[in-house]
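What you see is a predicted model; the values in this text were computed from it and never measured. Each chain gets a letter, A, B and so on, in the order its sequence line appears, and its residues count up from 1.
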Amino acid sequence: MLQVNYIRENREKVLERLSVRNFKQPELVDEIIRIDEERRQTQTSLDNLSAIANSSAKQIGELMRNGKKEEAEAIKQTTSANKEQIKQLSEQLAAAEQQLHQALVQLPNLPAEAVPSGITPEENEVVYTHGSPAVLHEGAVPHWELTAKYDIIDFELGTKIAGAGFPVYKGKGARLQRALINFFLDRATESGYREMQVPLMVNEASGFGTGQLPDKEGQMYHVTEDNLYLIPTAEVPVTNLYRDVILKEEDLPVKNTAYTPCFRREAGSYGAHVRGLNRLHQFDKVELVQIVHPEQSYAVLEEMSLYVQSLLKDLGLHYRVLRLCGGDMGFTSAMTYDMEVWSAAQQRWLEVSSVSNFETYQTNRLKLRYKGHTGKTQLAHTLNGSALALPRIVAAILENCQTPEGIVLPEVLAAYTGFDRID
RNA sequence: GGAGGGAUGCCUGAGUGGCCGAAAGGAACAGUUUGCUAAACUGUCGUACUGGCAACGGUACCGAGGGUUCGAAUCCCUCUUCCUCCGCCA
């Protein structure tokens, strides 16, 4: 959520930045400024009246203590009109605040200067490409055939007990999952992240804090009976750990990592591009979250991007890094890098990580601040990134590493899997 | 699930209707003193909105939301959460 004061003082800039996103309702900005103006006027009037009421009450108290009952009664008579007006203004103020809030949550984050304008994924900027496409043998097949052939992931079985998009991992398939999770967590820990285990369900306030609510209500599974949401990413619980927290400046940066299953409803669409592991309702992911000093956040974004790339390199995957254009970026992000790996059998890029700087967009909602040496509290910046999301990594490994003699796993995984091929 | 007791500032903890944005102690920060450290002493020490160029003001907040009252940390209602006991349970 953007800060009203910032919008008020930087109207032109806000509009200009929103256009980079191709934001459809720029009129919302002026609407916000108008409501805020009204809100402040109401607040001022209310404050003045409250001050009068407070001083009357104080006088009455004084008189009562001195036994001057009649004088006290006389003042009491005068308070009722004021009281009525205070009630009215409070209601007005509450209404204005609510309106303002409703308008504010509809505004996405402002893209950073480096973000290219654009609408479609085709307009994303490829900033780096590593490696070259794996050359496959005659008769190479997509991963959903490999998983069946080696009996390592069973999609039908998952459909039976839960539904489409809930695969069952079996034998070496299950072991590979566990190996990747451990590998990613170990690397993150070596890189200075603290490993956390967090709830897989969150309340409404948490969903709001990181920006999933109210915007993406439909994307999350909602346990209505207890009003809890299944997390779509560990970003939600891990970042919300710091909701309503004022950190000391020297505590920054805060670096946490967590492995969690992630749940996404992603209603609709079936077909080849969502087949197999490409898109699931439940999947595993290791997530990184950092809370940093505002001056550091873009350096940290680069650092996180490089870290994710180091994992991809170690897995021997052909990948590229995209800087997302304004139109393709998430609602809450100021700048995002997507990492895509090449799926040799599907002949397409698969998104396996997304690293974003949210600047103060989340921290303003979270009331996550730090106190500087000057004693002033300021909003911190948050960043997060997947490192990594498992299914598509698994898909790419299976496809790119397939040989007529079986799937030859990347060397770094051997220590974690206890085997080096699936056959 | 049942019964009872709590929730106050960074922490401990006082406060049962006005003099309370809140005692006291501790922690922290700054200064004085000091061979160094410590102690002692002095000062500072919540968040947000808002008025003002500023100096300096106003308002709100004692778990959350309502209510009673001229006036609520204090009384009433609802909710959340923690603790103790009982029941159930991986």
Inset, instruction - Taking atom P in both B:rG63 and B:rA72, compute the distance separating them and give it to the nearest angstrom. - result: 15 Å
Legend entry - Test: A:E113 and A:K13 ion pair at under 4.0 Å: yes
Protein N or O to nucleotides 16-21 of chain B N or O, pairs below 3.5 Å:
| from | atom 1 | to | atom 2 | distance (Å) |
| --- | --- | --- | --- | --- |
| B:rG18 | O2' | A:R65 | NH2 | 3.2 |
| B:rG18 | N2 | A:A57 | O | 2.8 |

Legend entry - B:rC29 phosphate, OP1 or OP2, under 4.0 Å from A:K371 side-chain N/O: no
Legend entry - A:Y416 six-ring centre to A:R178 NZ/CZ under 6.0 Å and within 45° of normal: no
Inset, instruction - Using only side-chain N and O atoms of A:R40, determine if any of them is under 4.0 Å from OP1 or OP2 of B:rG51. - result: yes
Inset, instruction - Starting at atom CD of A:E37, determine the distance to atom C1' of B:rG51, rounded to an integer number of angstrom. - result: 13 Å
Legend entry - Rounded distance in Å between the C1' positions of B:rG26 and B:rC19: 27 Å
Inset, instruction - Both distances under 3.5 Å, Watson-Crick or G-U wobble: report the partner of B:rG46, or none. - result: B:rC61
Legend entry - Nucleic acid footprint by protein, nucleotides 53-60 of chain B - heavy-atom cut-off 4.0 Å, B for base, S for sugar-phosphate alone: -----BSS
Inset, instruction - May I have all residue pairs that pass side-chain hydrogen bond (donor to acceptor under 3.5 Å, both in side chains) and include part of residues 162-174 of chain A, sequence neighbours excluded? - result: A:D151-A:K170, A:D154-A:K170
Inset, instruction - Could you grab the distance from atom CG of A:D284 to atom CD of A:Q282, nearest 0.5 Å is fine? - result: 7.0 Å
Inset, instruction - Just name whichever nucleotide pairs with B:rA90, Watson-Crick or G-U, keeping both distances under 3.5 Å, else none. - result: none
Legend entry - A:E250 CD to B:rA28 P, straight-line distance once rounded to whole Å: 13 Å
Legend entry - Candidates B:rG71, B:rU50, B:rU47 - which lies nearest the side chain of A:I246: B:rU47
Inset, instruction - Please give the nucleotide sitting opposite B:rG51 as a Watson-Crick or G-U wobble pair, both distances under 3.5 Å, or none. - result: B:rC56
Legend entry - Base-pairing assignment for B:rG9 (Watson-Crick or G-U wobble, both under 3.5 Å): none
Legend entry - Under 3.5 Å on both distances, the Watson-Crick or G-U partner of B:rA73: none
Legend entry - First encountered from the 5' end of RNA chain B, between A:N5 and A:K83: A:N5
Inset, instruction - Flag the pair A:K285 and A:E287 as a salt bridge only when some basic side-chain nitrogen lies within less than 4.0 angstrom of an acidic carboxylate oxygen. - result: yes
Inset, instruction - Would you please indicate yes or no on a ring centroid separation below 6.0 angstrom for A:Y150 and A:H143? - result: no
Inset, instruction - Return the orientation label for the A:Y361 and A:F331 ring planes: parallel under 30°, perpendicular over 60°, tilted otherwise. - result: perpendicular
Legend entry - A:K248 vs B:rA28: side-chain N/O to OP1/OP2 distance below 4.0 Å: no
Inset, instruction - Counting Watson-Crick and G-U wobble pairs only, both distances under 3.5 Å, name the nucleotide matched with B:rA3, or none. - result: B:rU84
Inset, instruction - Any strand is fair game: report the nucleotide pairing with B:rU32 by Watson-Crick or G-U wobble, both distances under 3.5 Å, or none. - result: B:rA40
Legend entry - Between C1' of B:rC49 and CG of A:L49, the distance in whole Å: 16 Å
Inset, instruction - Using the C1' atom on both, measure B:rA28 against B:rC45 and round to a whole Å. - result: 8 Å
Legend entry - Short side-chain N/O contact from A:R8 to OP1 or OP2 of B:rU50, under 4.0 Å: yes
Inset, instruction - For the pair A:Y370 and A:H293, name the ring-plane relationship: parallel under 30°, tilted 30 to 60°, perpendicular over 60°. - result: tilted
Inset, instruction - State plainly whether the residues A:R34 and A:E31 are in salt-bridge range, i.e. N to O under 4.0 Å. - result: yes
